There are 2 protein chains.
Amino acid sequence: MRGKGKATSFDIAYRAGVSQPTVSRALRGSPTVNEQTRQRILQIAHELNYKVDKNASNLRNQQSGTLALLFFEDPTQDDSLINPFFLSMLGSLTRACAVQGYDLLISFQQLSSNWHVEYEDSKKADGLILLGYGDYLEYVSRLELLVEQGTHFVRWGVVLPGQPGVTIGCDNFQGGRDMTRHLLEQGRGNIAFIGHASEHYPEFLERYKGYSESLRNAGVPVQPGLQIDAFTTERAGYDAVNALIERGISFDALFCASDLIAIGAMRALVDRGVRVPQDVAVAGFDDIPIASFTNPSLTTVQQDTKAAATFLVESLLALIQDEPVQSHTIPAKLMIRQSTRST
Amino acid sequence: MRGKGKATSFDIAYRAGVSQPTVSRALRGSPTVNEQTRQRILQIAHELNYKVDKNASNLRNQQSGTLALLFFEDPTQDDSLINPFFLSMLGSLTRACAVQGYDLLISFQQLSSNWHVEYEDSKKADGLILLGYGDYLEYVSRLELLVEQGTHFVRWGVVLPGQPGVTIGCDNFQGGRDMTRHLLEQGRGNIAFIGHASEHYPEFLERYKGYSESLRNAGVPVQPGLQIDAFTTERAGYDAVNALIERGISFDALFCASDLIAIGAMRALVDRGVRVPQDVAVAGFDDIPIASFTNPSLTTVQQDTKAAATFLVESLLALIQDEPVQSHTIPAKLMIRQSTRST
DNA sequence: CTGAAAGCGCTTACAG
DNA sequence: CTGAAAGCGCTTACAG
């Protein structure tokens, strides 16, 4: 049935005894095609295992039916260190795209590369989804450039006033606040915060601000010495806890800015014979799949990746259709497990 | 500088005072273009922020410059349960594609869908990379169909004789054998195997066969009661250990067919007050990033995802160029950590 | 070294 | 309801 090349709409037209444009119309569900004719065409298309050539239709339509996910990371990061949270996002995004009939092109970018000019221009994608970690202050200027260029994009991050483009994010502040309140309720008075708390990492900063607010509300002083920088890796969490202990800071709870940090932190505690949660409660952020299977299971803040992906994709498609789109914050949800049980 | 639409090669030709084909040649590095002319064209292209329209060039070239990663899974799987091992593979694949100048289109497929006919036909991808888990016997017939159709594809899995298509896989047998020998050397005599051991899941089966061989070599009888089915999730590992204990089977080591299973298994042991590794040694397979941060750190078998991705992509590109390609097995590497320390 | 021409496979006004 | 025509932006023989 199939010759050397794949069947084209001309092949179908020939067999159906109609013109090629009629085939195109029938296949695209145009209401102007006679129902019998359409049925015949669909039948033949099926027999020939015909698929519309996307390159041709996209060229003609000046679009691609594809969204590009640009996952960017610091150059220092290793492939295998990708935060499982982003994997969940990736899975959810792929599904959200499929629901809308779009393909997802994925590209891992170093922050150093010029990802911000590559994609839409080459017409491979109708819009960009930006996801990842790295120094916000370094890439915010690129966001401005994207806006200037008229590139369609959405990003996952913290919604800030005056920010270029559309951002979808979880309510990091609320998550940080709720978690800290929970720790206080469990009778913990010396809560350390492990993670960066600067404008370079706005998500972590928001979590820290939520933490600070809850402390203040409870009349507990916010001690700068209880905060220690860490990137979102197990290694960083491990090292941070050791550094904290070596500084001679005493604490009875660790609020870690991510689950990976928390897992590394728990490990450091255990290695020093500190019991979790009896001696020190540990909490994370993200609710990665492994969080309920650590030992003890990890109390954390859930970011709803399914909702996030749906918002990201729908917002991007709206942008592509020149509809007005607002940044949006998704509520965070406390997941209380064993690692913060009362003493 | 830029009007309503993006710049095309005609815009550049106009400004450079040459014909459009010359622009195309200059941009593609044809040696027949005058060097001065080329420089002028490159300069103008840069000024106009020109990018070749991939839809047009792909249509003309009858190719896409894109590889599609079809990640398939059982319908029961949840987005968030994707094995971190596949994330590592994904990261490595993306990089391997980038090295070759290809984009990677990613698609999550249910085993039930007809992923095997969608991609190459619609010219969105020049070839397919198949990755995932699920019942091998269910999809092997689809592989045959792919071969029949002349679809270019490679898959990650177990290399078996007479198998359709090209397969790249890790040496699961060797990994299983080495790990079991290690456990025996640590003085463990009652090693349970947690994971499916049937032809439906060839990777697990190979690991089980390696396990069996090491036992036999050591004169230890292979007891069917010491094997218990489990999919590759923490939950399955957790449940399997409980089932094993409730069956009244005694064991002093668990060789888990994946790290996720091992993590769930360790959790189940701890919940019952069994000490790891003092009472029971636990080993996994995959060496996912978290393996070195579990408590105790997890002894496991490393699959080299960077090598795997390189083989997969290079093999696929060779297939696309109609070069002969062989299936290939990559050595597995023992990673000994705390969870299997001698008692 | 360069240009005029053809064509990749589709979609959509336009005409009937 | 359907067809003839144009054109999306490129690449590559072919001719000079």
Side-chain angles (χ1 to χ4, degrees), chain A residues 2-42 44-45 48-66 101 120-126, chain B residues 2-42 44-45 48-66 101 120-126:
Chain A
R2 287 175 45 209
K4 203 83 202 78
K6 308 259 154 105
T8 73
S9 52
F10 282 92
D11 298 327
I12 298 173
Y14 177 77
R15 284 173 212 242
V18 297
S19 72
Q20 179 272 334
T22 298
V23 172
S24 176
R25 279 188 282 257
L27 260 27
R28 312 203 64 257
S30 160
T32 70
V33 177
N34 175 288
E35 195 49 33
Q36 278 196 357
T37 313
R38 159 179 286 115
Q39 289 307 331
R40 192 151 31 94
I41 289 170
L42 289 179
I44 295 170
L48 296 187
N49 194 22
Y50 171 79
K51 294 288 179 308
V52 171
D53 184 318
K54 296 289 187 184
N55 287 133
S57 65
N58 290 340
L59 173 59
R60 172 60 226 237
N61 291 330
Q62 296 293 76
Q63 50 136 50
S64 70
T66 299
E120 231 194 353
D121 280 346
S122 63
K123 304 249 174 63
K124 292 201 95 162
D126 299 331
Chain B
R2 296 193 18 227
K4 203 80 203 81
K6 308 259 154 105
T8 73
S9 52
F10 282 93
D11 299 327
I12 298 174
Y14 177 77
R15 284 173 211 241
V18 296
S19 72
Q20 179 271 333
T22 298
V23 172
S24 176
R25 279 188 281 256
L27 261 24
R28 310 201 66 256
S30 159
T32 70
V33 177
N34 176 288
E35 194 49 33
Q36 279 197 357
T37 313
R38 159 178 287 114
Q39 290 308 331
R40 191 151 32 97
I41 289 171
L42 289 179
I44 294 170
L48 296 186
N49 194 22
Y50 171 79
K51 294 287 179 309
V52 171
D53 185 317
K54 295 288 188 186
N55 288 133
S57 65
N58 290 340
L59 173 59
R60 173 57 226 237
N61 290 330
Q62 296 293 78
Q63 50 134 51
S64 70
T66 298
E120 231 193 352
D121 281 346
S122 62
K123 304 249 175 61
K124 293 200 96 163
D126 299 330

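Note that the structure is a prediction, hence the values are computed from the model and not measured. The figures here come from the full heavy-atom set of this structure, side chains too, leaving out hydrogens, waters and symmetry mates.
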Open item on the list: Using side-chain contact (heavy atoms from CB on, under 4.5 Å), reason through B:Thr37 and B:Gln39 one step at a time and then give a plain yes or no.
Closed with: CA-CA 5 Å; B:Thr37 313; B:Gln39 290 308 331; over 6 Å; no

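- One interatomic measurement links the two molecules: CD1 of A:Ile12 to P of C:dG9, which rounds to 13 Å at whole-angstrom precision.
- At C:dA6, none of the side-chain N or O atoms of B:Arg60 fall inside 4.0 Å of OP1 or OP2 (strictly under the cut-off).
- Nucleotide C:dG3 holds its C1' atom 15 Å from the CG atom of B:Asn34, rounded to whole Å.
- The residue A:Ser57 sits close only to the backbone: its heavy atoms come under 4.0 Å of sugar-phosphate atoms, none of a base.
- Backbone-only engagement by A:Arg28 is indicated by non-hydrogen atom pairs under 4.0 Å involving sugar-phosphate atoms exclusively.
- When the side-chain nitrogen and oxygen atoms of A:Ser9 are compared with OP1 and OP2 of C:dG9, none of them lie within a distance under 4.0 Å.
- Minimum heavy-atom separation, A:Ile41 to A:Ala16: CG1-CB, 4.1 Å.
- Rounded to whole Å, atom P of D:dC10 lies 13 Å from atom CG of A:Asn55.
- Residue A:Arg25 contributes atom CZ, which lies 15 Å from atom P of C:dA15 at whole-angstrom precision.
- At C:dC1, none of the side-chain N or O atoms of B:Thr32 fall inside 4.0 Å of OP1 or OP2 (strictly under the cut-off).
- In this structure, A:Asn58 places its CG atom 16 Å from C1' of D:dG7, rounding to the nearest Å.
- Here B:Ser24 reaches the OP1 or OP2 of D:dT11: one of its side-chain N or O atoms lies under 4.0 Å away.
- Following rounding to the nearest Å, B:Gln36 (CD) and C:dC1 (C1') show an atom-to-atom distance of 13 Å.
- Heavy-atom nearest nucleotides on DNA chain C were determined for B:Thr22 and for A:Ala56, and the one closer to the 5' end corresponds to B:Thr22.
- With the nearest nucleotide of DNA chain C identified for both B:Asn61 and A:Asn61, B:Asn61 has the one nearer the 5' end.
- Dense packing is recorded around CD of A:Glu35, with more than 12 heavy atoms of other residues, nucleotides or ligands lying under 6.0 Å away.
- Of all heavy-atom pairs spanning A:Ala26 and A:Val33, the tightest one is N-CG2, 3.8 Å.
- In this entry the distance linking CD of B:Gln20 with P of C:dG3 reads 11 Å, nearest Å.
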TODO: For DNA chain C, produce a single dot-bracket line, 5' to 3'. Pairs: Watson-Crick or G-U wobble, both distances under 3.5 Å. Symbols: ( ) within strand, [ ] crossing, | other strand, . unpaired.
DONE: |||.||||||||.|||

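- At a threshold of 4.0 angstrom between heavy atoms, the contacts of A:Thr8 are confined to the sugar-phosphate backbone, with no base atom among them.
- For the residue pair B:Ser64 and B:Asn58, no side-chain donor N or O sits within less than 3.5 Å of a side-chain acceptor on the partner.
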TODO: Show your reasoning for whether side-chain contact (heavy atoms from CB on, under 4.5 Å) applies to B:Ile44 and B:Arg40.
DONE: CA-CA 6 Å; B:Ile44 294 170; B:Arg40 191 151 32 97; 4.3 Å; yes

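- Closest non-hydrogen pair, A:Ser9 versus A:Gln20, comes out as OG-NE2, 3.0 Å.
- The distance between atom CD of B:Gln62 and atom C1' of C:dA6, rounded to the nearest whole Å, is 14 Å.
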